[in-house]
Amino acid sequence: GRQLPENQPGGKIGPEYVLFTFALMATPVNDPEHGFCRDCLAQQKPAARRCTACGSPRVLGHPELYQLHVAHVDCDAFYAAVEKRDNPQLRDKPVIVGGGKRGVVSTACYIARIHGVRSAMPMFKALEACPNAVVIRPDMEKYVRVGREIRGMMQALTPLVEPISIDEAFLDLAGTERLHGLPPALVLARFASDVERQIGVTVSVGLSYAKFLAKVASDLKKPRGFAVIGVAEAMSFLAEQPVTLIWGVGKVFATTLERDGIRTIGQLQRMERDELLRRYGTMGDRLYHLSRGQDTRTVHPDHEAKNVSAETTFNVDLSSRDDLAPVLRALAEKVSTRLKKAGIAGRTVVLKLKTTDFKIRTRNRQLGSPTRLADRIFETGLQLMEKELDGTRYRLLGIGVHDLSDVDRADPPDLVDVRAHKRGQAELAIDVLRDKFGKTAVETGYTFGRGRVAQQQQPSEREEDFRD
């Protein structure tokens, strides 16, 4: 005889309705014989194809649904989704976020992907595949801001959140059922709905007992997906998959495995650990365990960035110091700005160059102390770059710092270069002026009036900076 709460505006059923409904049901919330609707979260009978409460076809059920707690959450076509959110006129159009004709695709919306556009694809190939696409330059500050909003929502679910990139993270919700009054699967489904409603982008969720399989699951039903891989099915599921599904098996290693007659994970499952170790060393151990769904890695909330970097693809190939040095200076300033905002410094400077035939050269130098100053990053990078100026023409230039640490020991007084301290102080003063009057309020002799030969190019959503 109790009356149900009314639905929320727009026909959506809120979390309070779900909790009220579960309270009325004799069936426990975590009954493995029952699933739930991903839209209204109402509990469903095992054979239900559509939600009995709201009619949605997005009904989720799995024998281990309420036992699993390790999740991977990945935003769907994140950069493009943010742009479509901010400009509703783009909703039904193919959108590519990336550089100009000589750049690469940072991400593409799912409409563009239907035409064959993929992340990290050269822009000219992407436009050949989808000539009607709307191309938008990356706005990393905006994407980082939105990513932080979503991460904050994750951290409200559990303290065990391990960011992998700007738009994806692992979560461990073990022990949170008492806090939320719901099992992890329902908490994650509600979270996905909250992100879509509050932030305006969609996410896909993978739920399993281990990080490896949670990551695999999040890719299975994109976009707006929610997939589950349990313990009982792990071996049989993996057996049918290609070896490239295993973390660390790239094109080169996959070729090695294929040369040995190994194409599927099922073939690895039939091999002994000693044989895999003998053939492939430490990688063989990884193949043995992951092929069997064995992954003991835990979710670490203190996961930190490995490097801070910036790179540019040129509109025309460059080879001279006069053309490359101004671009290098501008990139060093961008890296320095990011370091200062994050309150970190790096001890190893890494230079990246890509030749006209797409071969990558990386050079690095470890400094005597960590730095966050554009002056030190640029000067070190310039010395590395000058050794590569042998007439080779380059289509891309990048600079970054590795070995990150806090700023406490960064940029101490230099007893050899006594003017370095003054340059550092001058740089910090310039930063203040730029914050107040804009980035171009003060420019160095290297960058003033230059930079027209290059276009800023951000890496793909899933690319590690300076990954070959």
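Bear in mind the structure is a predicted one, so any value in this text is a computation, not a measurement. Just so you know, these numbers use all the heavy atoms, side chains as well, and skip hydrogens, waters and symmetry mates.
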Undergrad: Please assess F191 against V73 for the test side chain to side chain contact (heavy atoms under 4.5 Å, CB included), listing each intermediate value before the final yes or no.
TA: CA-CA 10 Å; F191 161 80; V73 175; 3.8 Å; yes
Undergrad: What is the distance from atom CE of M123 to atom OG of S106, rounded to the nearest 0.5 Å?
TA: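 One gets 7.0 Å once the value is rounded to the nearest 0.5 Å.
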Undergrad: Do you know which two heavy atoms are closest between Q67 and P63, and how far apart they sit?
TA: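 Taking every non-hydrogen atom into account, NE2-O, 3.9 Å.
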Undergrad: Is there a donor-acceptor contact under 3.5 Å from the side chain of R263 to the main chain of E258?
TA: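 No; judged by distance alone, with no hydrogens or angles, the pair does not exist.
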Undergrad: Could you verify whether a donor N or O on one side chain and an acceptor N or O on the other, from Y280 and R286, lie under 3.5 Å apart?
TA: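 No, no side-chain donor-acceptor pair sits under 3.5 Å.
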Undergrad: Between H180 and L157, is there a donor-acceptor pair closer than 3.5 Å when you use the side chain of the first and the backbone of the second?
TA: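 Side chain of H180 to backbone of L157: a pair is present.
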Undergrad: Under a 3.5 Å distance rule, please check whether E64 uses its side chain to pair with a backbone N or O of V231 as donor and acceptor.
TA: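 It does hold such a pair.
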Undergrad: Heavy-atom distance under 4.5 Å between the side chains of S119 and T107, does that happen here?
TA: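 They are in contact (side-chain heavy atoms under 4.5 Å apart), so the answer is yes.
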Undergrad: Using 0.5 Å steps for rounding, measure from the CG atom of L188 to the CG atom of D194.
TA: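 The CG atom of L188 sits 11.5 Å away from the CG atom of D194.
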Undergrad: Can you sort out the partners of R273 under salt bridge (Lys or Arg N to Asp or Glu O under 4.0 Å), two or more places apart, ordered by chain and number?
TA: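 Only D285 meet the salt bridge (Lys or Arg N to Asp or Glu O under 4.0 Å) criterion with R273.
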Undergrad: Using atom types as modelled and distance alone, determine if a side-chain donor or acceptor of Q44 lies under 3.5 Å from a backbone N or O of L60.
TA: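 It does not hold such a pair.
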Undergrad: Does any pair with a residue in residues 198-220 pass ring pair (Phe, Tyr, Trp, His ring centres under 6.0 Å), and if so which ones, sequence neighbours excluded?
TA: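 Every pair satisfying ring pair (Phe, Tyr, Trp, His ring centres under 6.0 Å) with a residue in residues 198-220: there are none.
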Undergrad: Any sub-3.5 Å donor-acceptor pair from R363's side-chain atoms to V350's backbone N or O?
TA: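 No, because the side chain of R363 does not come within donor-acceptor range (under 3.5 Å) of the backbone of V350.
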Undergrad: Looking at side-chain heavy atoms only, is the closest gap between C51 and D39 below 4.5 Å?
TA: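 Not in contact.
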Undergrad: Determine whether H34 and L65 make a side-chain contact, defined as any pair of heavy atoms from C-beta on separated by less than 4.5 Å.
TA: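 No, side chains not in contact.
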Undergrad: Just do the side chain to side chain contact (heavy atoms under 4.5 Å, CB included) check on T158 and L179 with the steps written out, would you?
TA: CA-CA 9 Å; T158 172; L179 171 66; over 6 Å; no
Undergrad: For R148, I'd like to know if atom CZ has over 12 heavy atoms of other residues, nucleotides or ligands within 6.0 Å.
TA: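 No.
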Undergrad: Taking side-chain contact (heavy atoms from CB on, under 4.5 Å) as the definition, give me every residue that meets it alongside A174, ordered by chain and number, with sequence neighbours left out.
TA: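 A174: side-chain contact (heavy atoms from CB on, under 4.5 Å) contacts with H69, D172.
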Undergrad: Could you walk me through whether Y288 and E275 pass side-chain hydrogen bond (donor to acceptor under 3.5 Å, both in side chains), step by step?
TA: CA-CA 10 Å; Y288 178 83; E275 181 182 0; over 6 Å; no
Undergrad: For residues R85 and V146, determine if any side-chain heavy atom of one lies less than 4.5 Å from a side-chain heavy atom of the other.
TA: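 Side-chain contact under 4.5 Å: yes.
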Undergrad: Are the side chains of W247 and D295 in contact, using a 4.5 Å heavy-atom criterion?
TA: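 No, their side chains stay 4.5 Å or more apart.
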Undergrad: Could R145 and E149 be called an ion pair, given the rule that one side-chain N must be under 4.0 Å from one carboxylate O?
TA: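 Answer for the salt bridge query: no.
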Undergrad: Report the C-alpha separation of D76 and S204 in whole Å, then their side-chain angles, then the decisive distance to 0.1 Å, and conclude whether the side-chain hydrogen bond (donor to acceptor under 3.5 Å, both in side chains) test is met.
TA: CA-CA 7 Å; D76 300 321; S204 291; 2.8 Å; yes
Undergrad: Measure across A210 and V70 and return the closest heavy-atom pair with its distance rounded to 0.1 Å.
TA: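 Heavy-atom minimum between the residues: C-CG1, 3.9 Å.
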Undergrad: Could you check whether any side-chain heavy atom of L257 comes within less than 4.5 Å of a side-chain heavy atom of L287, counting everything from C-beta outward?
TA: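 Yes, their side chains come closer than 4.5 Å.
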Undergrad: Please determine whether salt bridge (Lys or Arg N to Asp or Glu O under 4.0 Å) holds for the pair R278 and D274, giving the CA-CA distance in whole Å, both sets of side-chain angles, and the decisive distance to 0.1 Å.
TA: CA-CA 6 Å; R278 177 176 56 79; D274 289 345; over 6 Å; no
Undergrad: Using only atom types and a distance under 3.5 Å, with no angle test, would you say the side chain of S336 pairs donor to acceptor with the backbone of R372?
TA: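 Indeed, once roles are kept as given, a pair shorter than 3.5 Å links the two residues.
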Undergrad: Do E162 and K211 pass the salt bridge (Lys or Arg N to Asp or Glu O under 4.0 Å) test, and can you show the C-alpha distance, the side-chain angles, and the key distance before you say yes or no?
TA: CA-CA 11 Å; E162 180 180 338; K211 291 171 73 174; 2.8 Å; yes
Undergrad: Suppose the criterion is side chain to side chain donor-acceptor pair (under 3.5 Å): which pairs have a residue in residues 86-95, not counting sequence neighbours?
TA: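 Output for this query lists D86-K142.
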Undergrad: Quick one: does M385's side chain get under 4.5 Å of L324's, heavy atoms only?
TA: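 The answer is yes; the side chains approach within 4.5 Å.
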Undergrad: Restricting to non-hydrogen atoms, name the atom on A126 and the atom on I96 that form the minimum distance, rounded to 0.1 Å.
TA: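 Nearest heavy atoms, A126 then I96: CB-CD1, 4.0 Å.
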Undergrad: Does D219 form a side chain to side chain contact (heavy atoms under 4.5 Å, CB included) with H72? I'd like the steps, not just the answer.
TA: CA-CA 9 Å; D219 283 332; H72 180 263; 6.0 Å; no
Undergrad: Ignoring hydrogens and angles, tell me if any N or O in the side chain of R395 forms a donor-acceptor pair with the backbone of F358 under 3.5 Å.
TA: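 A pair under 3.5 Å: no.
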Undergrad: Would D403 and T348 count as having a side-chain donor-acceptor pair, cut-off 3.5 Å?
TA: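 A pair is found: one side chain offers a donor N or O, the other an acceptor, under 3.5 Å apart.
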Undergrad: Checking K251 against T255: is there a side-chain donor and acceptor pair closer than 3.5 Å?
TA: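 Looking only at side-chain atoms, K251 and T255 do not form any donor-acceptor pair under 3.5 Å.
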Undergrad: Among pairs that include at least one residue of residues 225-241, which meet side chain to side chain donor-acceptor pair (under 3.5 Å), considering only residues two or more places apart or in two chains?
TA: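 Listed by first then second residue: H62-E233.
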Undergrad: So do L213 and L238 actually touch side chain to side chain, heavy atoms under 4.5 Å?
TA: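 Counting from C-beta outward, L238 and L213 do come under 4.5 Å.
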Undergrad: About how many Å separate CG of L351 and CG of N364, when rounded to the nearest 0.5 Å?
TA: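 So the CG of N364 and the CG of L351 are separated by 9.5 Å.
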Undergrad: Which residues satisfy the side-chain contact (heavy atoms from CB on, under 4.5 Å) test with A189, sequence neighbours excluded?
TA: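 Only F36, L41, F226 meet the side-chain contact (heavy atoms from CB on, under 4.5 Å) criterion with A189.
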Undergrad: Determine yes or no for a side-chain-to-main-chain donor-acceptor pair under 3.5 angstrom, with R393 supplying the side chain and D317 the backbone.
TA: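 A pair under 3.5 Å: yes.
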Undergrad: Hey, does the side chain of R38 reach the backbone of R224 with a donor-acceptor pair shorter than 3.5 angstrom?
TA: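 Yes; judged by distance alone, with no hydrogens or angles, the pair exists.
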Undergrad: Any chance you could measure I262, atom CD1, to T256, atom OG1, to the nearest 0.5 Å?
TA: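 The distance works out to 10.0 Å.
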